[in-house]
Amino acid sequence: MLDKSYEPQKNESLIYKKWEENKCFKPHSDFDKNFAGENYTIIMPPPNITGQLHIGHALNNTTQDFLIRYKRMKGYNTLWIPGTDHASIATEVKIIEALKKEGLTKEMLGREKFLERAWLWNDKYGGRIKTQLKSLGCSPDWDRCAFTMDEQRQKSVLHVFKKLYDEGYIYRGEKLINWCPTCKTALSDAEVEHVDEDSSLWYIRYPYEDNSGYLVVATTRPETMFGDVCVAVNPEDERYKDKIGKNVILPIKNKKIPIIADDYVEKDFGTGVVKITPAHDFNDYEVGKRHNFEPIKIMNLDGSMNEECGKFNTLDRYECRKKLVEELKNLNLIEKIEPYRLPKATCYRCHNAVEPMMSKQWFMSMQEMANLGLDALNNGELEIVPNRVEKIYTHWLENIKDWCISRQLWWGHRIPAYYCKDCGNMMVELTKPSKCSKCASTNIEQDSDVLDTWFSSALWPFSTLGYPDDTDDLKKFFPTSTLVTAQDIIFFWVARMVMLSKKIMGKTPFSKVLINGIVRDDEGKKMSKSSNNGVDPIEIIEKYGADSLRLSLLFGNGTGNDFRFSEEKILEDRKFINKVFNSGKFLELVLSQTYETKLDDTKLNIFDKWIYTKLDETIDEINKLVDNLDICQAVNKMYSFVWDDFCNYYLEFTKPYVYSDNQETRANACAILKDVYLNILKLLHPIIPFITENIYSNFTNEMLISQSYAKSIGTFETESQRVEKIISLIQKIRETRLSYNVAPSKKITLVANKNNISDKSLKTVEEAKLVLSKMTNIERVDMVENINSDCIKFVTELGEFYFYKNEVVDTEKEREKINKDIEKIVAEIKLLETRILNPNFVSRAPKELVEKDKSRYEFLLTSKNSLEEKLKELN
RNA sequence: GGGAGAUUAGCGCAGUUGGUAGAGUACCUGCCUUACAAGCAGAGGGUCAUAGGUUCGAGUCCUAUAUCUCCCACCA
């Protein structure tokens, strides 16, 4: 028995348990090695263990679950691999915050104890994420759940690192890198965010060596002048042409530095003179390299100045700036200070300023990798939906620089490089060497750095399948099929997965990438932890059920478009689920009033044939739409099929049969109704799995999740068209009744002219009699020889029909109505005339279209004539 | 500075090869008709941001402009 009303909270967790117990989420091939279905694999973007999932994750995972459930029912050998990400820097920041509340720092704890904390953190939050995914109804294979730091994934990381190191793609060197003085670690370019900030442009006088005046330098960072190695001008700049090669005196330091020429300098900006500080600016680094200057480091890793800065030593860089500018002013070396807005580089995790610093780090050489990534797209091995995102991907790869992969953090994959403390030899090995390969010393220490968290993420498509081991999963499920993810991690993650999969596995890791839009709150702001407008999916699920949330996320949201989340939308969409539930109640009711019989497809009436035709069309369209990853439209199709075709029409059509006095008719009609309804449950299962499973179990002993997808008996063109005509007749009768203000409860007579109606139409009306009386309150259909003025006429696609005037009356209303109708028709006629009277249209437009317009035109003309006649009669 | 997206009914949105503007919700009218008032049946409501262009025909293609949003970026 179904519940009295739809109560999601009652059943969802029980249903989920049942699925899990019956191993419904596992690929068929786990049970049947010879399973013939094509493989369909999705790897879940592993959520960070930093906290809990938000609505954006819910959207992302609902989309994946939709695809997996759909493909599973379509007979594919489906595998969805879940997992979580250790999120090195993000998690470490969180743990440090938590420690701070206890009055602790990570140094006080020490590396080992700190890592213990981190693992505890993972237990807590990783676990919570899994619970959330389960509440949402996600159906990944939990037995294959992966964590970027678990044993197998550590193994993958070690192997890839060593392989790339051995092949020369990974190297160690001292270069200018982005350094976060707050997190005290190196960052990759992708981890730096630019925020516009109000600052100043300082014009500083650098005296010429020969005391012949000043050269004025404009800078946004005066404090870096201690690291200046030269000043640069554009070689074409007439103002300074004769100064090139001369020297200026670097103020305060009183150091002689040369004036050089470099194309990099823009004549029109500032004074056209740039101070060059290679150790603390990326452009300057390049300029310095071109002109063979040794970078001079002037800052410590905590952002304070070093001994190069004389009395400013140990001052924080911003403090130093203040004092330095003061001093320069006193020395009359500041020409002017202009307000200036500049993009400030900040850390994507702690949001504090990032400093370019010279540092010894590990890098991955990216040029060749980037080409692999670009090839994947250009060869058609990879498609990104929506396509416009492909440009973002391409642009990034085309401008890529070597990837700084080492981080001065503790939580992460420790770099497998070992140093001999005696001879300084470096070894990269899978396990710690027992002695130095050069001097045989046993005094060996591992590199203390860990890898960028995105290094392990980049291996996800094959690490989750068991790489480097030669596993069955890897052979069977790699490359995967569809990746569903968000736009903001295209660089961090998607591009790197493509590159490394191609490099390591020789294949593009997935053929399609579906990019979800951003989830916004009901005011249109991006949902994020920092703006504190995030919504916990669990809260919504507890209130409205997981199905309601899922439907709301998938319904009415264009592919890749941003999505505005609101509880109101859930309330609106939830009505659909209620509708599905209630139609199930109806089926239950009628089944209880008859004996059960098998579906006999020789006993289909025209209405049955119509609904099967509609079902067939719907399934076909959904198929195409899902293949194009247009889930929004697919859900739309399901929605209107279920609500409009099935609930509004078919259920009414079939009522005379399921309530028939003839027991056999009843039983047959019920069998058909049941079949159609169960197909609807199959259709909807990927969107709203819980309720459909719940209802399905009420009617069968099987589990819906494991059924094959909806399938129609077939398409019945002629019958279907006849029913379409009946529907338009019904609409016309309803409309006409209403326009004459006939009370809905009043039974009236439908009249047709024997001499003026085709046999076909007559037959159709005959078949529709029962339905018409039920749906339009027509008591009987009169066939008359002659129509007199006691009747009012209306035109339908089945021909002309009439009502008896004395049953509907009210001439004034009628006149109004007719005039209005004529107005409408005339407007449409005019529109059509602009086409069919246009020789260009007739000659150039497709023939079918011209024909269609012409016949429509004829129809409108006769309709208009008959209305005008009627009007005359009234007058 | 560069790039992308958005602009369609009061509201939040859909509209995939150019062919008479769509659903939901709200509002209005009438119905508690034995699945469902979280419902049913109807009605109204749109120069598809603006200006040009291509075309027999443009919400859809092209070119500008405006407003909003996002991404990228080292002009010191």
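In the text below, chain A, chain B and the rest are named by the order of the sequence lines, each starting its count at 1. As the structure is a prediction and not an experimental result, all values here were calculated from the model.
- Nearest nucleotide to the side chain of A/A845, out of B/rC74, B/rA35, B/rG19: B/rG19.
- Using modelled atom types, one finds no donor on one side chain facing an acceptor on the other under 3.5 Å when comparing A/E193 with A/Y348.
- In this model, no side-chain donor or acceptor of A/K585 finds a partner on the base of B/rC36 within 3.5 Å.
- A/G517 comes within contact range of no nucleotide atom at all, as no heavy-atom separation falls under 4.0 Å.
- Which of B/rG15, B/rC74, B/rG42 sits closest to the side chain of A/Q731 comes down to B/rG42.
- Residue A/L625 is classed as a base contact, given a heavy-atom separation below 4.0 Å to a base.
- In this structure, CG of A/D573 is placed 14 Å from C1' of B/rC11, rounded to the nearest angstrom.
- Going from atom CZ of A/F269 over to atom C1' of B/rC75 covers 6 Å, rounded to whole Å.
- None of A/F641, A/F576, A/Y639 except one satisfies the side-chain contact (heavy atoms from CB on, under 4.5 Å) rule with A/L684; the exception is A/F576.
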Kindly list each side-chain donor-acceptor pair under 3.5 angstrom involving residues 585-593 of chain A, sequence neighbours excluded, with atom names and distances?
from	atom 1	to	atom 2	distance (Å)
A/K585	NZ	A/D3	O	3.0
A/E588	OE2	A/L2	N	2.9
A/E588	OE2	A/N698	ND2	3.0
A/S592	OG	A/L589	O	2.5

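- Nearest-nucleotide assignment on RNA chain B puts the 5′-proximal partner with A/Y6, out of A/V273 and A/Y6.
- In the interface, the side chain of A/D630 is paired with the base of B/rU16 through a donor and an acceptor atom under 3.5 Å apart.
- Minimum heavy-atom separation, A/P278 to A/L176: O-CD2, 3.7 Å.
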